[in-house]
Amino acid sequence: KDHLDKLQKEHADKFSWKAIITSEQGRMSSTADNLRVLTDTNFKSGLEDTHYHLIGNGQMVSEFKAGLQTAGVKDDKVTVEMYFNHKAEVDADAVSRIA
């Protein structure tokens with residue numbers, strides 16, 4: 001965390017990171033307001049300039065990956081780490097809100 005904070009401070013015009021703890025903030029895909037937290041940066045960044053690293057619950061990771069693909073994010077801009085719930089079905093409404 002300290003290293004990422006330092007990078008963000010040194011390169012505020014092109015690097016931003018956020019640790020999102022859903023047990024504290026609620027499910028990110030549940031509302032448009034929650035999703036805005038993900039895109040609130042100090043700089044303008046397009047889909048082609050952003051890399052997404054998704055970590056956590058398999059359902060959440062799958063929904064965000066599908067939503068990002070629907071929004072036009074290329075596969076090489078998304079990396080994932082899934083820890084449990086790998087076989088859960090994707091919620092189509094969540095994918096639509098993400099996209």
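We count residues from 1, following the sequence as given. Reckoned from all heavy atoms, side chains included, excluding hydrogens, waters and symmetry mates.
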- Task: Heavy atoms only: give me the nearest E63-A94 pair and the separation to one decimal.
- Result: OE1-CB, 3.5 Å

- Query: Q59 and H86: side chain to side chain donor-acceptor pair (under 3.5 Å), yes or no, with the steps?
  - Reply: CA-CA 6 Å; Q59 182 178 16; H86 294 87; over 6 Å; no

- Distance from Q8 atom CD to H3 atom NE2, nearest 0.5 Å? 12.0 Å

- Item | Distance, nearest 0.5 Å, that separates CG of N85 from CE of M60 | 10.5 Å

- Task: Under the salt bridge (Lys or Arg N to Asp or Glu O under 4.0 Å) rule, what do K1 and D5 come out as? Steps first, then yes or no, please.
- Result: CA-CA 6 Å; K1 179 182 178 303; D5 287 340; 2.9 Å; yes

- Would you say Y83 and I55 make side-chain contact, with heavy atoms under 4.5 Å? yes

- Query: How far apart are the closest heavy atoms of F15 and L4, and which atoms are they?
  - Reply: CE2-O, 3.6 Å

- Message: So which atom in H53 and which in E81 form the shortest heavy-atom distance, rounded to 0.1 Å?
- Response: NE2-OE2, 2.7 Å

- Task: For V90 and S62, work out which heavy atoms get closest and say how close.
- Result: CG2-CB, 3.7 Å

- Do V80 and Y52 come close enough that some side-chain heavy atom pair is under 4.5 Å? no

- Nearest 0.5 Å please: distance from the CD atom of Q69 over to the CD1 atom of I98. 11.5 Å

- Above 12 or not: heavy atoms from other molecules or residues under 6.0 Å from CD of E10? yes

- Looking only at heavy atoms, which two atoms of M82 and G58 are closest? And how far apart? SD-CA, 3.5 Å

- Query: Is there a side-chain contact between L68 and L54, using heavy atoms and a 4.5 Å cut-off?
  - Reply: yes

- Listed partners of F84 passing side-chain contact (heavy atoms from CB on, under 4.5 Å), at least two apart: N57

- Message: I'd like to check the side-chain hydrogen bond (donor to acceptor under 3.5 Å, both in side chains) partners of S96; sequence neighbours left out, ordered by chain and number.
- Response: none

- Residues H51, T79; criterion side chain to side chain contact (heavy atoms under 4.5 Å, CB included); working and verdict: CA-CA 8 Å; H51 183 90; T79 52; 3.1 Å; yes

